[in-house]
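In what follows, a single structure is set out as structure tokens and then discussed.
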Amino acid sequence: MAKGDRNMGWPGFFRVFTVLCAIMLLLVQHYLDLTAPGSGARQTLSVYEGLTLWSIPALFMLWGMFALEEGKPQVSASLLGLALPAFCLLVFWGAVYAVVSHLLGGGALTWGGVWSALASAARGNTSSHLWVLYPLIGLYLVHPIIHRFTASASRGEILYFLALCFLFAYLLPQLPAFLGASSAVLQQLYRLQVHLVLGWAGCYVGGWYLRHFTISRLAEYILYILGALGLAVTLAARPGGLFDPTLLRQFQYGSLSAALTAAALCTLFRYVLGISEERSRRRAVSGIGACAFGVYLVHYLWVLVFQRLGISLLSFPPVLSVPLFALVFFLLSLPFAWLISLVPGVGTKLT
């Protein structure tokens with residue numbers, strides 16, 4: 001159990017909210033190029049994109065939160081219990097989307113077509129929203145090492161690791177906009193090539209840290225302030241925003257501003273927006289949270305179905321249709337994700 005984590009319902013609650021926002025982000029990005037440059041619809045979609053960009057680093061925080069808190073550090077357990085299932089998940093859903101797209105296009109279902117879809121997915125030809133599984137598989141491959149570190153390291157050592165992630169993965173990539181690409185300081189720092197703290201490792205460990213340890217009230221407030229500033233910078237740095245020329249790097253999944261917002265919201269859900277202690281409510285939210293990533297995997301099927309039916313998010317005012325469509329897709333996908341999770345042996349691995 002996480003130290004000081006009395007309200008165990010909050011991780012599921014945070015996972016549901018994160019997946020809902022991730023669906024909003026994917027919907028916005030799907031329709032963004034279909035709008036005219038400078039139009040009101042495009043501006044609205046761009047704002048929604050900025051408001052939900054944090055959901056991707058939050059997903060990696062959640063994966064680390066659960067894998068490092070509840071998993072095992074053995075290599076075999078990591079490879080067979082995390083990395084291999086994640087790869088099979090990628091291949092399975094990649095094939096599902098290929099087959100469904102083929103059927104919706106008027107094609108016929110054949111065993112040869114299914115096998116071809118599986119082989120194509122194994123080679124990396126998958127639906128665009130499944131890209132998050134690739135870096136997740138990479139994290140699961142090094143999970144035994146990270147887990148061994150978090151299990152034995154002191155709090156100060158973990159904070160040192162997170163500080164290195166903050167420096168090399170988030171802060172340094174912003175320097176070219178301010179110091180210039182030829183900055184001597186930047187060149188020296190890049191020559192260090194500290195790859196261990198690049199990528200999503202900081203979010204993976206950071207999510208576990210925020211669940212495992214109780215932070216001080218001062219640190220909590222600082223995270224809220226930084227998260228709010230991060231969200232403001234993300235919105236300002238969006239294409240067409242206030243500071244687009246110099247802060248464009250902040251409008252990315254792995255940007256400092258998105259990571260700070262994700263950390264602040266994670267903290268907010270733990271200390272402020274937790275679930276009632278009443279058992280049935282906690283059980284319900286935990287159950288939905290357990291199926292939330294399955295909802296993420298399933299929801300794009302409904303996007304394809306709605307497209308086939310000629311129902312478009314852009315047929316309505318985007319300021320209302322973006323959250324409404326995301327909620328509808330979430331609710332439509334939830335029972336299917338739950339039913340898949342009940343399949344004996346493999347259900348939980350597919351969601």
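Values below: every heavy atom of this structure, side chains too, minus hydrogens, waters and symmetry copies.
Tracing side-chain contacts under 4.5 Å through hydrophobic residues (I, L, V, M, F, W, Y), one reaches F316 starting from L320; they form part of the same cluster. Transitive grouping of hydrophobic side chains (ILVMFWY, heavy atoms separated by less than 4.5 Å) keeps L80 and V91 in distinct clusters. Clustering ILVMFWY residues whenever any of their side-chain heavy atoms sit less than 4.5 angstrom apart, transitively, puts L141 in a cluster other than the one holding L84. Connection of L159 to M61 is established within a shared hydrophobic cluster, with ILVMFWY side chains joined at heavy-atom distances below 4.5 Å, either directly or through further cluster members. Both L297 and L104 are part of a single hydrophobic cluster, where members link through side-chain heavy atoms under 4.5 Å apart.
Residues that satisfy the salt bridge (charged side-chain N to carboxylate O under 4.0 Å, His left out) test with R123, not counting sequence neighbours, are absent from this structure. Judged as a side-chain contact (heavy atoms from CB on, under 4.5 Å), and not counting sequence neighbours, A290 has no contacts.
The backbone N or O of Y140 sits less than 3.5 Å from a side-chain atom of S78, completing a donor-acceptor pair. With hydrogens and angles ignored, the 3.5 Å screen pairs no side-chain donor or acceptor of R42 with any backbone N or O of A36. Under a 3.5 Å cut-off, the side chain of Y170 and the backbone N or O of A259 do not form any donor-acceptor pair. Put simply, the side chain of S120 never gets that close to the backbone of S116: no donor and acceptor are under 3.5 Å apart.
The side chain to side chain donor-acceptor pair (under 3.5 Å) analysis of residues 306-322, with sequence neighbours excluded, yields the pairs H30-Q307.
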Scan the side chains in residues 197-210 for donor-acceptor partners under 3.5 Å anywhere in the protein, sequence neighbours excluded, and list what turns up.
from : atom 1 : to   : atom 2 : distance (Å)
Y204 : OH     : H143 : ND1    : 2.9
W208 : NE1    : E69  : OE1    : 2.9
Y209 : OH     : R155 : NE     : 2.8
Y209 : OH     : R155 : NH2    : 3.2

Can you give each donor-acceptor pair under 3.5 Å made by side-chain atoms of residues 223-233, sequence neighbours left out, with the distance rounded to 0.1 Å?
from : atom 1 : to   : atom 2 : distance (Å)
Y224 : OH     : E220 : OE2    : 2.6

Would you tabulate the side-chain donor-acceptor contacts of residues 322-350 under 3.5 Å, counting partners in other chains and residues two or more places apart, or write 'none'?
from : atom 1 : to   : atom 2 : distance (Å)
S333 : OG     : F329 : O      : 2.6
S341 : OG     : W338 : O      : 2.5

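Nearest heavy-atom pair across L27 and V303 is CD2-CG2, 3.9 Å. Of all the heavy atoms in E157 and F149, the pair that sits closest is O-CZ, 3.8 Å. L136 and F60 get closest at one heavy-atom pair: N-CE2, 3.9 Å. Taking every heavy atom of both residues into account, A117 and V99 meet most closely at CB-CG2, 3.9 Å. When all heavy atoms are compared, the tightest approach of L68 to H147 is O-NE2, 3.2 Å. Here the shortest heavy-atom pairing between F66 and P11 reads CZ-CB, 3.5 Å.
In this structure, L25 CG and T52 OG1 are separated by 4.0 Å, a value rounded to the nearest 0.5 Å. The structure places OG1 of T261 at 8.5 Å from CG of L235, a figure rounded to the nearest 0.5 Å. Separation of atoms CG (L118) and CZ (F92) is listed at 9.0 Å; rounding is to 0.5 Å. With values rounded to the nearest 0.5 angstrom, L26 atom CG is found 9.0 Å from S127 atom OG. Separation of atoms CG (L130) and CG (N125) is listed at 12.0 Å; rounding is to 0.5 Å. Rounding to the nearest 0.5 angstrom, the gap separating the OG1 atom in T35 from the CD atom in Q43 is 9.0 Å.
Residues Y271 and R217 have side chains not in contact (no heavy-atom distance under 4.5 Å, counting atoms from C-beta outward). T267 is not listed as a side-chain neighbour of F14, based on a closest heavy-atom distance of 4.5 Å or more. Residues W93 and T126 have side chains not in contact (no heavy-atom distance under 4.5 Å, counting atoms from C-beta outward).
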> What's the verdict on side-chain contact (heavy atoms from CB on, under 4.5 Å) for V16 and V295, showing C-alpha distance, side-chain angles and the deciding distance?
Replying inline: CA-CA 9 Å; V16 170; V295 170; over 6 Å; no
>> Run C266 and M65 through side-chain contact (heavy atoms from CB on, under 4.5 Å) and show every step you take.
In response: CA-CA 11 Å; C266 180; M65 185 186 300; 3.7 Å; yes
>> Could you go through W54 and C21, starting from their C-alpha distance and side-chain angles, then the distance that decides it, and tell me whether this counts as side-chain contact (heavy atoms from CB on, under 4.5 Å)?
In response: CA-CA 9 Å; W54 62 269; C21 289; 3.5 Å; yes
>> The test is side-chain contact (heavy atoms from CB on, under 4.5 Å); show your working for W302 and F306 and say whether it passes.
In response: CA-CA 6 Å; W302 290 107; F306 272 51; 4.2 Å; yes
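F293 has its ring centre less than 6.0 Å from the ring centre of Y296. Residues Y253 and W131 bring their aromatic ring centres within 6.0 Å.
Heavy atoms from other residues, nucleotides or ligands lying under 6.0 Å from OH of Y160 number 12 at most.
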